[in-house]
Amino acid sequence: MEFISFLLSGLLGFISPTGVVVDKVAENAIRSQFNDVEKLRVRVEHSPTHQLLQGNIKKIRIAGRGFKLKQYNFRIDALELETDDIAFSPNSIQKGKLKLQQPLQAGIRLIFTPADINKLLQSPDILALLPKLKLDSKDYINIDDDAVYKFANPQFNVLDNNKLFFQVELRSEEDKKPLLIKVEAGLKIKKGRQIQLIETVVTVNEEQVASQFVEGIVENLNQRLDLRNLEGDGLLIRILKFNIRPSELKIAAFVQIKPSSPFVENPLSPSALSTKPLTQVQVLSQPISEGVR
């Protein structure tokens with residue numbers, strides 16, 4: 001979701017207090033939101049001119065490749081975006097704050113590669129976000145009291161059967177042998193608004209974890225991946241297409257941002273993101289025998 005806030009800032013940043021809009025100015029404003037952009041074309045439709053001065057833009061089209069976000073240095077392989085009419089208050093621009101007169105709507109198409117996703121996962125910024133786990137021996141098998149574990153070496157891939165694969169090491173601060181956790185799952189989009197992991201299989205040190213344990217974690221994660229969670233902050237997203245292949249992941253979506261959304265007043269501050277923690281995640285040094293195969 002932070003990417004959407006970056007893009008929104010770029011879209012709206014080229015609207016100057018004098019109401020002058022030029023394609024090149026718009027392109028430079030978009031580029032300023034990223035560390036690097038390999039290819040970019042921006043077209044702003046704003047005729048007749050008096051409509052622009054009254055706070056109306058007919059359409060904005062963006063197409064490009066190789067977008068590197070400033071935060072986490074994440075690369076987006078390809079991006080295409082086209083907005084509907086944009087109506088804003090010219091006076092609000094002069095005051096340095098954007099005020100939309102109607103919801104901002106756009107269609108967006110994104111392409112990611114597994115290689116770029118892996119660079120993101122293995123970056124120091126992302127690794128710093130991964131929590132350390134403090135496990136209590138009374139609830140787990142063969143875990144010392146007060147043992148502290150941290151995640152390391154995350155890896156992502158798309159398998160030939162179009163399933164997602166993820167693995168990560170869970171290392172003890174006491175330098176014990178790390179636990180190798182592997183996750184294989186399909187992905188389902190329900191009604192365009194719910195991203196769901198399906199047919200999820202988890203192994204720890206090559207031993208399959210009990211299905212009832214995995215189901216609890218997956219259910220919690222799927223609830224957090226429900227895009228309706230963002231609607232309370234005026235951000236509506238509906239996924240129209242989602243295709244996964246070993247070489248790339250393609251997403252096409254519809255995005256609507258309401259005038260009251262915090263993304264509008266401060267688009268670089270992702271205040272619409274949920275900060276609620278996941279429920280406690282249990283990690284086993286040895287899988288429970290029941291349900292293991």
Side-chain angles (χ1 to χ4, degrees), residues 1-11 23 26-44 59-84 104-123 125-126 154-167 183-198 225-227 230 235-257 263 267 270 273:
M1 297 306 106
E2 284 185 71
F3 164 70
I4 293 175
S5 66
F6 270 107
L7 194 56
L8 175 61
S9 178
L11 278 174
D23 289 354
E27 180 180 325
N28 291 338
I30 296 295
R31 286 183 181 275
S32 71
Q33 303 305 309
F34 300 90
N35 270 341
D36 186 38
V37 179
E38 295 168 14
K39 294 182 180 179
L40 178 62
R41 289 187 63 186
V42 180
R43 181 174 177 80
V44 181
K59 186 176 295 184
I60 300 174
R61 292 190 179 98
I62 300 173
R65 299 191 67 89
F67 293 81
K68 291 184 179 180
L69 294 182
K70 289 182 177 179
Q71 190 169 15
Y72 310 134
N73 198 27
F74 179 43
R75 180 181 181 275
I76 299 166
D77 190 57
L79 161 70
E80 295 177 3
L81 181 143
E82 182 172 326
T83 73
D84 289 343
L104 188 154
Q105 299 185 155
I108 186 169
R109 178 175 170 268
L110 300 166
I111 298 179
F112 305 96
T113 68
D116 288 327
I117 293 174
N118 273 308
K119 288 180 181 178
L120 172 68
L121 292 175
Q122 294 161 13
S123 67
D125 289 335
I126 291 297
Q155 296 182 31
F156 170 85
N157 207 346
V158 178
L159 305 179
D160 290 334
N161 58 3
N162 289 335
K163 284 193 173 182
L164 304 180
F165 173 81
F166 177 78
Q167 76 173 34
V183 181
E184 181 178 326
L187 198 63
K188 176 182 178 182
I189 307 298
K190 184 177 180 181
K191 298 181 179 180
R193 65 193 185 205
Q194 291 177 286
I195 305 171
Q196 296 184 337
L197 297 178
I198 60 173
L225 293 175
D226 191 331
L227 297 175
L230 299 169
L235 180 60
L236 184 148
I237 301 176
R238 292 292 180 264
I239 297 176
L240 307 177
K241 291 183 180 180
F242 188 93
N243 297 321
I244 56 175
R245 297 189 301 175
S247 60
E248 62 186 15
L249 289 78
K250 293 183 178 180
I251 302 173
F254 167 80
V255 179
Q256 181 191 80
I257 303 174
F263 281 97
L273 295 177

Close side-chain approach of [X] to [Y], heavy-atom, < 4.5 Å:
X      : Y      : answer
Leu230 : Leu236 : no
Asn157 : Ile117 : no
Leu249 : Ile111 : no

Just wondering, are more than 12 heavy atoms of other shown residues or ligands nearer than 6.0 Å to [atom1] in [X]?
X      : atom1 : result
Asn161 : CG    : yes
Lys119 : NZ    : no
Arg238 : CZ    : yes

Spacing of [atom1] belonging to [X] relative to [atom2] belonging to [Y], to within rounding of 0.5 Å:
X      : Y      : atom1 : atom2 : result
Phe112 : Ile76  : CZ    : CD1   : 5.0 Å
Ile62  : Glu82  : CD1   : CD    : 10.5 Å
Arg65  : Leu40  : CZ    : CG    : 13.0 Å
Lys188 : Ile195 : NZ    : CD1   : 13.5 Å
Arg31  : Asp36  : CZ    : CG    : 8.0 Å
Leu227 : Ile189 : CG    : CD1   : 8.0 Å

Between Lys68 (side chain only) and Glu38 (backbone N and O only), is there a donor and an acceptor less than 3.5 Å apart?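 No, because the side chain of Lys68 does not come within donor-acceptor range (under 3.5 Å) of the backbone of Glu38.
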* With distance as the sole test, does Gln155 use its side chain to make a donor-acceptor pair with the main-chain N or O of Asn118 at under 3.5 Å? ->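 Between the backbone of Asn118 and the side chain of Gln155 there is no qualifying donor-acceptor contact (under 3.5 Å).
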- [ ] Grab the two heavy atoms, one from Gln122 and one from Pro154, that are nearest each other, plus how far apart they are.
- [x]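 The pair with the smallest heavy-atom distance is NE2-O, 3.2 Å.
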| message | How close do Asn162 and Val158 get, counting heavy atoms only, and between which atoms? | response |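 Smallest heavy-atom distance, with atoms named: CA-CG1, 4.4 Å.
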Please output the side-chain donor-acceptor pairs of residues 239-247 that fall under 3.5 Å, not counting sequence neighbours, one pair per line with the distance.
{"residue": "Arg245", "atom": "NH2", "partner": "Glu248", "partner atom": "OE2", "Å": "2.6"}

Run the side chain to side chain contact (heavy atoms under 4.5 Å, CB included) test on Leu187 and Leu197 for me, step by step, so that the C-alpha distance in whole Å, both residues' side-chain angles and the decisive distance to 0.1 Å come before the verdict. CA-CA 5 Å; Leu187 198 63; Leu197 297 178; 3.6 Å; yes
>> Run the side chain to side chain contact (heavy atoms under 4.5 Å, CB included) test on Phe34 and Leu69 for me, step by step, so that the C-alpha distance in whole Å, both residues' side-chain angles and the decisive distance to 0.1 Å come before the verdict.
In response: CA-CA 5 Å; Phe34 300 90; Leu69 294 182; 3.3 Å; yes
